[in-house]
Engineer: 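The structure is given below, and queries will be raised subsequently.
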Amino acid sequence: MTSAIVSSGLHKSFGSTHALDGLDLDVATGEVHGFLGPNGAGKSTTIRVLLGLLKADAGEVSLLDGDPWRDAAQLHKRLAYVPGDVNLWPNLSGGEVIDLLGRLRGGLDPKKRDDLLQRFDLDPTKKGRAYSKGNRQKVALVAALASDVELLILDEPTSGLDPLMEEVFRQCIEEERHRDRTVLLSSHILSEVEALCDRVSIIRRGKVVESGTLAGLRHLTRTSIQAELSAAPMGLDRLPGVHGLDVEGNRVRCEVDTAQLDGLMKELSEAGIKSLVAQPPTLEELFLRHYEDDGVALEAASR
Amino acid sequence: MKDFAGTATLVRLALRRDRVLLPVWIVVFVAMAAGSAQASIDLYPDVASRVSAASTTNSSPALVSLYGRIFDPTSLGEVSLFKLTAFGALLVALLAAMLVVRHTRTEEEAGRLELLSAGVLGRYAVVTAALIVSGGMVIVLGLLTSLSLIGVGLGVSGSLAFGLVWITAGLAFAGVGAVTAQLTEGARAANGLTAVVLGVSYVLRALGDSAASDGPRWISWLSPIGWSQQIRAYAGDRFWVALLPLALMVILVAAAYRLLSRRDIGAGLLRARPGPATASRWLRSPLALAWRLHRGSLYAWGFGFLLLGFIVGNIASNVEGFVTSDSARKMVEKLGGVEGITDAFLSTEMGMLGLIASAFGIQAALRLRSEETSLRAEPLLATGITRSRWLASHVLMALFGTSVLVLVGGLGSGISSGASLGNMNRQLPRMLAAALVQLPAIWLVTALVVILFGLAPKLVTATWALFATFLLLGQFGPLFNLPDSVMNISP
């Protein structure tokens with residue numbers, strides 16, 4: 001498997017703030033890669049380094065087998081970018097911006113452009129100053145998705161979109177996946193990442209703290225168990241890997257390290273299981289686990 | 001009263017936001033007036049020297065059209081400050097109007113107003129607060145100017161009248177700003193519209209003032225700037241004339257309130273038309289985009305320059321009429337005849353035109369910075385465009401735009417002066433040449449902006465301060481007897 005994006009040991013400081021602190025990222029060709037982190041974790045900085053808009057202080061980065069700082073213009077013809085904060089020229093219409101960005105990238109598919117305009121329900125004749133935040137986002141999305149490129153870099157692309165449009169966006173990304181395009185999707189909307197991404201990287205304070213497939217990541221976390229038993233269970237608190245145990249008569253609630261699930265199940269079936277609900281860890285829990293000691297981030301993520 | 005709820009809070013917000021800007025402007029204007037007066041007092045110690053200076057001025061159409069006429073040649077105050085009367089009023093008016101737009105339409109366009117409007121905020125609070133801030137600044141500026149002029153040693157009544165000249169011009173144009181801010185959807189367009197009104201006012205005053213004594217001097221009375229000037233500070237102190245601009249302000253503010261109560265937040269009365277659904281075929285390069293972004297303002301400026309050129313060229317034909325007294329005529333003939341004085345006038349005006357054109361150059365080059373800070377440059381640079389191509393697109397537009405302006409100004413003045421003097425074949429190429437020699441200096445100013453953008457982007461708007469310095473050096477440097485080395489810094 002080849003990699004579309006490889007970075008190792010990226011450092012970038014703005015004055016005294018270390019935005020990137022040794023960031024390693026690996027995005028395989030053809031995958032949809034989720035890039036997760038709360039506000040201020042360094043997602044947008046990473047993306048700007050990948051686009052060659054910022055020069056990293058230290059570290060290696062390769063994008064589509066090129067150096068994004070040195071070969072910016074050539075590489076950019078093979079990728080499309082949707083910024084998180086789209087600003088349009090107030091006196092250009094949305095349609096003009098879409099065409100302009102597409103042409104500067106080396107052309108776009110007019111049929112696909114029309115199709116996307118319809119699906120996103122976007123009026124291309126409005127002037128830039130008249131669009132709402134969501135509609136400005138749609139302009140950038142249509143321009144990116146209608147381009148024939150190998151790599152899509154999307155920085156919180158659904159911010160400002162309504163749920164209906166988020167669904168359209170998900171379908172579009174699914175289609176891109178079938179065309180074997182590589183997508184780097186930065187987001188803090190966990191359900192979106194969970195639905196779309198093959199692999200995710202979780203970034204925290206300028207470092208990737210976790211990277212892998214969702215299934216792989218889940219294995220590292222806890223499953224939550226609710227059970228109703230025939231008799232009151234004994235000795236559950238002595239089992240390794242059981243957390244937050246709450247026994248109320250014959251009812252049991254607890255969380256268990258996924259690796260220790262087997263032991264707990266044996267104990268429970270000894271007491272006789274009447275009903276059992278086992279929930280795999282959501283991405284949210286996975287995410288929160290990395291931010292537990294970070295009060296602000298925890299609050300931001302749980303919102 | 002509920003329509004005005006929240007005004008006081010907004011005034012405090014505006015003062016907080018402009019806490020550096022306002023004092024700086026006030027100090028600049030007060031220092032300019034006091035410094036200019038001080039220098040002139042030393043320069044013209046007795047009546048005879050003042051009368052001779054004033055008659056030279058009044059017989060120079062260039063000076064009269066630019067600054068206005070000296071009504072009382074014996075008045076120390078007027079001879080000292082005539083350059084700052086109408087011209088200073090113009091600058092104060094510009095400042096006052098832009099301040100109003102800054103705190104109304106700019107906020108509305110940026111969407112910040114919506115956030116505030118959701119709070120307890122009366123319908124008229126925003127405009128009222130902007131007018132209070134702008135009017136308050138103008139009044140403080142005027143009063144401090146009066147005080148400083150009294151302090152320098154000029155007459156009390158005249159000094160108060162001079163302050164009033166600036167105050168009335170500022171207040172009238174704060175009203176203009178309040179109206180234009182209701183008309184357009186964008187702050188840039190509102191400022192542009194204000195500048196047009198201001199420009200027309202100044203040109204009307206120039207036309208009236210430079211008319212021959214039996215000519216249509218009443219034209220000056222069509223201009224709000226003319227009214228302020230007609231207060232005649234230090235030359236009669238006609239305080240009652242101040243009622244005219246003040247009445248205009250009241251009418252304009254009332255009009256602004258009426259317009260405001262009829263429109264939605266975010267909308268203008270001049271509605272934006274829908275744009276094309278697809279881009280035209282030529283919109284496919286950074287240069288094409290830059291042209292698209294600059295062309296609107298270039299058209300407006302070009303029209304202004306053509307008009308200005310025509311007027312300048314037209315005034316040139318009257319120059320002869322100014323040289324009325326026998327002694328002056330003899331002097332002029334010695335200096336190279338009427339033709340010589342006409343040429344001197346035209347070349348002065350071309351220098352002025354060049355200076356104004358460099359403002360376009362600065363504005364166009366500053367676009368680089370605003371494109372960057374508004375994050376609009378980012379998606380462009382994420383396509384197959386190198387940074388240098390993007391930079392070049394806006395720089396080229398700045399250079400091209402200033403060239404067009406200078407050419408158009410030269411063309412206008414060449415045609416009109418050629419027509420009125422009856423020697424088109426000679427006048428047109430000469431005026432074009434006189435205009436084109438301004439270009440290197442203009443391009444130098446543009447280049448300074450670009451260098452600053454590269455080295456210290458945060459400081460790039462300081463170029464306007466540089467521009468103001470060049471303007472003041474050109475206008476007032478000789479008055480202050482600045483050494484030539486300082487004068488030569490200015491392009």
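On a predicted model such as this, the values are computed, not experimentally measured, just so you know. Every chain is numbered from 1, with letters handed out A, B, ... down the list of sequences.
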Engineer: Once rounded to the nearest 0.5 Å, what's the spacing between atom OG1 of B:T383 and atom NZ of A:K77?
Structural biologist: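 Taking OG1 in B:T383 and NZ in A:K77, the distance rounds to 9.0 Å.
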Engineer: Contact between B:I385 and A:H76 at the side-chain level, heavy atoms closer than 4.5 Å - yes or no?
Structural biologist: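 Heavy-atom side-chain distance check fails, nothing below 4.5 Å.
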Engineer: Above 12 or not: heavy atoms from other molecules or residues under 6.0 Å from CZ of B:R258?
Structural biologist: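 Not more than 12 within 6.0 Å, no.
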Engineer: Within the 4.5 Å heavy-atom criterion, are B:E371 and A:W89 side-chain neighbours or not?
Structural biologist: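 Yes, at least one pair of side-chain atoms sits under 4.5 Å.
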Engineer: Between B:P276 and A:S93, which heavy-atom pair has the shortest distance, and what is it?
Structural biologist: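 Heavy atoms of B:P276 and A:S93 come nearest at O-OG, 2.5 Å.
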Engineer: Does a sphere of radius 6.0 Å around CG in A:D148 hold more than 12 heavy atoms from other residues, nucleotides or ligands, not counting ones at 6.0 Å or beyond?
Structural biologist: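 No - once you tally the heavy atoms of other residues, nucleotides and ligands closer than 6.0 Å, there are 12 at most.
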Engineer: Side chain, backbone, both or neither: which part of B:R387 has a heavy atom under 4.5 Å from chain A?
Structural biologist: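 For B:R387, the side chain is the part near chain A, not the backbone.
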Engineer: List the atom of A:R103, the atom of B:A279, and the distance in Å for their closest heavy-atom pair.
Structural biologist: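 Where A:R103 meets B:A279 most closely, the heavy atoms are NH2-O, 3.4 Å.
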Engineer: Above 12 or not: heavy atoms from other molecules or residues under 6.0 Å from CD of A:E60?
Structural biologist: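 Open.
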Engineer: Would you say that more than 12 heavy atoms from the other residues, nucleotides or ligands in this model lie under 6.0 Å from the CZ of B:R281, or not?
Structural biologist: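 Check fails, neighbour count at 12 or below.
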Engineer: Should the heavy atoms of other residues, nucleotides or ligands under 6.0 Å from CD of A:Q118 be counted, would the total exceed 12?
Structural biologist: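 No - once you tally the heavy atoms of other residues, nucleotides and ligands closer than 6.0 Å, there are 12 at most.
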Engineer: Give the intermediate values and the outcome of side chain to side chain contact (heavy atoms under 4.5 Å, CB included) for residues B:L380 and A:L104.
Structural biologist: CA-CA 8 Å; B:L380 282 182; A:L104 294 178; 3.4 Å; yes
Engineer: Hey, which of A:V82, A:L53, A:L51, A:V149 has the most heavy atom pairs under 4.5 Å with chain B?
Structural biologist: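 Counting heavy-atom pairs under 4.5 Å, the top option is A:L53.
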Engineer: Over all heavy atoms of both residues, which pair between B:T386 and A:A73 is shortest? Give the atoms and the distance, please.
Structural biologist: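 B:T386 and A:A73 have their closest heavy atoms at CG2-CB, 3.4 Å.
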Engineer: Among B:R389, B:R284, B:R376, which has the most heavy-atom pairs under 4.5 Å with chain A?
Structural biologist: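 When all of B:R389, B:R284, B:R376 are compared, B:R376 has the most.
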Engineer: Do B:T278 and A:P124 have side chains that get closer than 4.5 Å, going by heavy atoms?
Structural biologist: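 Result no, sub-4.5 Å side-chain heavy-atom pair not found.
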Engineer: Quick check on A:R177: does its CZ atom have over 12 non-hydrogen neighbours (other residues, nucleotides or ligands) under 6.0 Å away?
Structural biologist: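 Atom CZ in A:R177 is packed in, count exceeds 12.
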Engineer: At a 4.5 Å cut-off on heavy atoms, which part of B:L289 comes close to chain A: side chain, backbone, both, or neither?
Structural biologist: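 For B:L289, side-chain heavy atoms alone lie under 4.5 Å from chain A.
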Engineer: Using every non-hydrogen atom in the two residues, find where A:N91 and B:R292 come nearest and quote the distance to one decimal.
Structural biologist: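 Nearest heavy atoms, A:N91 then B:R292: O-NH2, 3.1 Å.
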Engineer: Counting N and O atoms only, with roles assigned by atom type, does the side chain of A:N87 sit under 3.5 Å from a partner on the main chain of B:L375, one being a donor and the other an acceptor?
Structural biologist: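 Pair absent, no side-chain N/O of A:N87 close to backbone of B:L375.
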Engineer: Heavy-atom distances under 4.5 Å only: say whether A:L75 touches chain B with side chain, backbone, both or neither.
Structural biologist: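 For A:L75, there is no contact with chain B at all, as no heavy atom is under 4.5 Å.
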Engineer: Can you tell me which portion of A:R78 sits under 4.5 Å from chain B's heavy atoms? Options are side chain, backbone, both or neither.
Structural biologist: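 Contact with chain B is absent: no heavy atom of A:R78 under 4.5 Å.
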Engineer: In terms of heavy-atom pairs under 4.5 Å with chain B, which of A:L79, A:V86, A:L92 leads?
Structural biologist: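 With the most close heavy-atom pairs to chain B, the winner is A:L92.
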